There are 2 protein chains.
Amino acid sequence: MGRITIRDVAQAAGVSLGSASRALNGGKHVSARIARDVAAAAKQLGYEPDFLARSLRTRSSGMIGCLVSDVANPLYAGTVQAAEARLRDAGYLLVIANTANEPARERAAAAEFRGRRLDGVLVAPGSDANNETWRGLVAGGSPVVILDRDAPDGDGDDSPWPAVLVDHRGGAQAATRYLIGLGHRRIALLTPGARMRPGRERIAGFQAAFTEAGLDPAGAIVSTQESSMDFAHGDALALLGGSNRPTALIALGTRILAGALRAARDLNLSLPNDLSVLSVGDTDLAAVHAPAITALRWSLEDVGRAAAELLLQRLRGDGAGAATRALLPVDLVLRESCAAPAKT
Amino acid sequence: MGRITIRDVAQAAGVSLGSASRALNGGKHVSARIARDVAAAAKQLGYEPDFLARSLRTRSSGMIGCLVSDVANPLYAGTVQAAEARLRDAGYLLVIANTANEPARERAAAAEFRGRRLDGVLVAPGSDANNETWRGLVAGGSPVVILDRDAPDGDGDDSPWPAVLVDHRGGAQAATRYLIGLGHRRIALLTPGARMRPGRERIAGFQAAFTEAGLDPAGAIVSTQESSMDFAHGDALALLGGSNRPTALIALGTRILAGALRAARDLNLSLPNDLSVLSVGDTDLAAVHAPAITALRWSLEDVGRAAAELLLQRLRGDGAGAATRALLPVDLVLRESCAAPAKT
DNA sequence: ATTGGGTAGGAAATCGTTTCCAAATGGGTC
DNA sequence: GACCCATTTGGAAACGATTTCCTACCCAAT
């Protein structure tokens, strides 16, 4: 005796298969008596519908895919968690595919998602959307929401693709403005690069702040390094050790911040007097360091929730007139790591 | 014209449905000619099998569930990532359900997993396995692997359930032994509690080290607090501010470590001379802090991989004689935050 | 009393696969 | 050339639901 099917329920309730289905799904054309009997029979037998069978028939799997480059990254993990919560409430299951930045994995995942008939996809690839991956995803016909990346067409802010973006440019600009306001004229931005939207936007905001203040753009030093503590450490050592060193430093991400802080310590630079440090991304490290590091912060929960909301909206079909993208704000959390540069 | 089905492929290749299926699945009983024709037709039409239909028929969804209390927690995120990688290589998709420590969500997720016919489940609930959740999971009949938690029966280390455990007891014992060796006699353990296996094991190891050294167990101060920076901060202030304060402190987890470090700073205790600090769990914070914090470390990747391996083994059916559990080691990473206590 | 609109509910089709069964084919041996 | 056994192969039956179609029926209105 295997699993209890709806057929068993129907039989127990003494009605036909179709009626049982209608009764269980609260459909129309069901008398009160049958509804009652079927419900009773289902409960008594412990009936549990088979999602697979249902999905096959309805052509909707009730699952959402999440294509992300690195789930272990706290930035993504927080987002995934928030999205999962919202989607689960709406009855969807979230399946994740970690791509580790490998295009081959991205393609494979896209194909798999299609084959499994996932109803929608949240995507945050490691590099800006690989066109092939992209095509693979949209080919499935189900809605795709982009997380903080540019659409593949490269068509900036007026792309038709639903996306949840974070205002990294505004954040970086505000942060830089703040440092300039304190009197800094030579500021270094340590970044893992412009390969992805967040990096590009931050660099743009950084430079925009210099331009807007009418300052020599040569003071805006952009230093690109791999995102690793050791690389950042070496990089920061070189930058800060040279003559005419920057008086302030903006670090993108925990690892780079860690490397930069170590370098400052190695060089005996005391914060914030000898060097102002500002972190992009608010982490334990920034909050607890002595002195506490001033940081740019945005809400991971909001990103996840907004993405889920956007996707659900498409799934419900009222995607026509609705907003196609969300731009979330970035806040500057003032702490103790920034001050006016020492007089020279 | 909708999706390309295997029926279309069969027709195009001029063979029967069954033959096409056999050919595509590389089964036996297929002539070379048909295999070639079918493959060609499939390729030419761009056929992609429908996993849902297949799953319905084969009663296996090709998906593994992951029931975890908090994916955003780096500890879990790393594990999930490693497990996902291994499972994906084996052709499985990972679906995650975040339970936020709510038993109701756990139950709901267990039921959903059953309904969707997931082939297996990795589970790391927020509290030690809730019996009801557990029953819900095993009722599905698919294998369940426990991540660093005790089985619900409470039957410690000889439980029949496959599990991947981390040797927190041994780690804590080694760490405590190390501190005792440096000369410490009053050591505080700041822990979020004994609700889950890791906490229990660590407390046990901590106390075992005192016993084994023949020391007064009153020197082993276990202070239980919620895992939040603020709580830990207050707690540490109270502990370190009092008379006869501990000379060393073991912090369980990033947040507690952060709170403890802040408290030490507030009280003007310099590390490691006035206070030795040891972190359970190696994080950015521990590595970068000045002085760098000595920490217990274990491999999240190994946990995830081992769990996946254990599960795959069951799925392949050779679960009979095979090992049912893995115990992973914990290493002590020596840094600069521990020293002999100051002479009084 | 007949007709018409509407609801209830049963039978059957469908979703796209895999797998079972029986028939057919092929080759080798006596 | 007949017989036998082992492969191939086509046809059809699952898998477990939803959904369409269609008939039977009830009640009210003409």
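Everything numeric here is computed off the predicted structure, so don't read it as measured data. As a basis for the values below, the full set of heavy atoms in this structure was taken, side chains included, without hydrogen atoms, waters or symmetry mates. The chains referred to below are lettered A, B, ... by the order of the sequence lines, with proteins before strands, and numbering in each begins at 1.
In the model, B/D119 has a side-chain atom that pairs as donor or acceptor with a side-chain atom of B/S60 under 3.5 Å.
Between the side chain of A/E84 and the main chain of B/N98, a donor-acceptor pair closer than 3.5 Å is present.
In this structure, CZ of A/R33 is placed 16 Å from C1' of D/dC26, rounded to the nearest angstrom.
Using a cut-off of 4.0 Å between Lys/Arg side-chain N and Asp/Glu carboxylate O, B/D50 and B/R54 are scored as not salt-bridged. Checked for salt-bridge contact, B/R305 and B/E309 miss the test: no charged N lies under 4.0 Å from a carboxylate O. Ion pairing between a basic and an acidic side chain is recognised when a charged N comes within 4.0 Å of a carboxylate O; A/R86 and A/D89 show no such pairing.
The phosphate of D/dA17 has neither OP1 nor OP2 within less than 4.0 Å of any side-chain N or O from A/S55.
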In 5'-to-3' order, the base (B), backbone-only (S) or no-contact (-) status of each nucleotide in nucleotides 14-19 of chain C, using a 4.0 angstrom heavy-atom cut-off, is BBBBBB
